[in-house]
Amino acid sequence: DSYEAAAAAAAAAAKAKASSYESLLYDMFKVYPPRRKITQTVVLRMTTREIRRAFNADYDHMVGVKNGYMDRLGDLNIRIGDIRRELKGWADTTDDGAPVFRPTVELVEIENAPVTVKDSEIKSQRWLSPEDRVKKEAEDAAEAARLAGRGANDPSERALKDMMGGQLENDEAGKQAEELPKPDWMLETDPDDYSDEQKKAAREYDKKNKVFQEDLAKKRRLLDAELRKTRQEAADIVKTWDQELAEFSARKNETDATLARLESWLGACGPEV
């Protein structure tokens, strides 16, 4: 299958080259009449433009592929975090707690980013017209009045303290209960003092609690398996992208070499134009 795929790719490349401007170029050892050199110069310029256009299209495709992989990795990382929170404290997990890979976009990958100036990068004070200054002073006064009205008893901060102990992330919030909640009478009464009905209810609770713990262990094993599968999928995505990026780098080097060769031919033909 790999041999047939390589042969098909080579045939497609040969067909594309046959229909390109490069197929119209003279052999450089036959470019000696002046008119032929002029024709060669025109075709060379068209060929280099065609190659650059094809490479730019390939680059745009790779950018789309990377963005797709980044989106998928982001979803997988979120799921990994959710599962780890559910399995936190479980001694039988196979997860080693290794940090997840979070891909980023470098500045050089963003078009026009090096020559774009953000407002946050400007250190000097912005000049305001009299109208803009009056408008800004009114907005600042309104914001100050709003903050003063909230005062020390901020409803949002009070709600945060009441619900989550003043933390945006509460580890106890998603913690799985290890057993079924016991009735109040089981917490308040010594087992030796149980009545017959209470003993019967206690035995029933023990049965339900045993089933609950078995289901919980089963759920955790399934989550642990899902975690392994999700981490493996993330690792496969990174490996696949590395392979595709290496192939793209090879294509770039090949394109650079081809353009360098064609531009050297342009230099050789230049004196006749």
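Here the structure is a predicted model, which is why all the values come from computation and not from measurement.
With values rounded to the nearest 0.5 angstrom, L266 atom CG is found 10.5 Å from L259 atom CG. One distance of note links CE of M46 with OG1 of T41; it measures 13.0 Å at 0.5 Å rounding. Taking CZ of R221 as the reference point, atom CG of L216 lies at 9.5 Å (rounded to 0.5 Å). The distance from the CD atom of E137 to the CG atom of D140 is 8.0 Å, given to the nearest 0.5 Å. In this structure, D58 CG and K252 NZ are separated by 12.0 Å, a value rounded to the nearest 0.5 Å. Distance CZ/R85 to CD1/I80: 11.5 Å, rounded to 0.5 Å.
By the 4.5 Å heavy-atom criterion applied to side chains, L262 and I51 are counted as neighbours. Between E86 and K219 there is a side-chain heavy-atom pair separated by less than 4.5 Å.
Judged as a side chain to side chain donor-acceptor pair (under 3.5 Å), the pairs with a partner in residues 223-232 (not counting sequence neighbours) are, in order, R79-E226, T93-D224, T94-D224, T94-R228, D95-R231, D96-R231, D224-R228, Q232-D236. Applying the salt bridge (charged side-chain N to carboxylate O under 4.0 Å, His left out) rule to pairs touching residues 201-217 yields nothing, sequence neighbours excluded. Sorted pairs that involve residues 102-125 and meet ring pair (Phe, Tyr, Trp, His ring centres under 6.0 Å), not counting sequence neighbours, are lacking altogether.
Using a distance-only test at 3.5 Å, with no hydrogens or angles considered, a donor-acceptor pair links the side chain of S264 to the main chain of R261. No donor-acceptor distance shorter than 3.5 angstrom exists from the side chain of D193 to the backbone of T189, with no hydrogens or angles considered. When atom types are taken as modelled, the side chain of Y194 and the backbone of A201 share no donor-acceptor pair closer than 3.5 angstrom.
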Practice item. Kindly determine whether K182 and N209 satisfy side chain to side chain contact (heavy atoms under 4.5 Å, CB included), including the steps that lead there. Key: CA-CA 9 Å; K182 293 182 178 180; N209 188 48; over 6 Å; no
Review point. What's the verdict on salt bridge (Lys or Arg N to Asp or Glu O under 4.0 Å) for E254 and R251, showing C-alpha distance, side-chain angles and the deciding distance?
Key: CA-CA 5 Å; E254 183 180 355; R251 293 196 300 271; over 6 Å; no
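Between K66 and E244, no side-chain nitrogen of the basic residue sits less than 4.0 Å from a carboxylate oxygen of the acidic one, so the salt-bridge criterion is not met. Taking 4.0 Å as the cut-off between side-chain N and carboxylate O, E139 and K136 do not count as a salt-bridged pair.
Across Y205 and P183, no two heavy atoms sit closer than the pair CD1-CD, 4.5 Å.
The local environment of CG in D196 is sparse, with at most 12 non-hydrogen atoms from other residues, nucleotides or ligands closer than 6.0 Å.
The hydrophobic cluster containing I78, built from Ile/Leu/Val/Met/Phe/Trp/Tyr side-chain heavy atoms closer than 4.5 Å, comprises no other residue. Through direct or indirect side-chain contacts shorter than 4.5 Å among Ile, Leu, Val, Met, Phe, Trp and Tyr, V238 is connected to F55, Y59, M62, V63, V65, Y69, L73, L76, F101, I237, W241, L245, F248.
Residues satisfying the side chain to side chain contact (heavy atoms under 4.5 Å, CB included) criterion with D75, sequence neighbours excluded, are R72.
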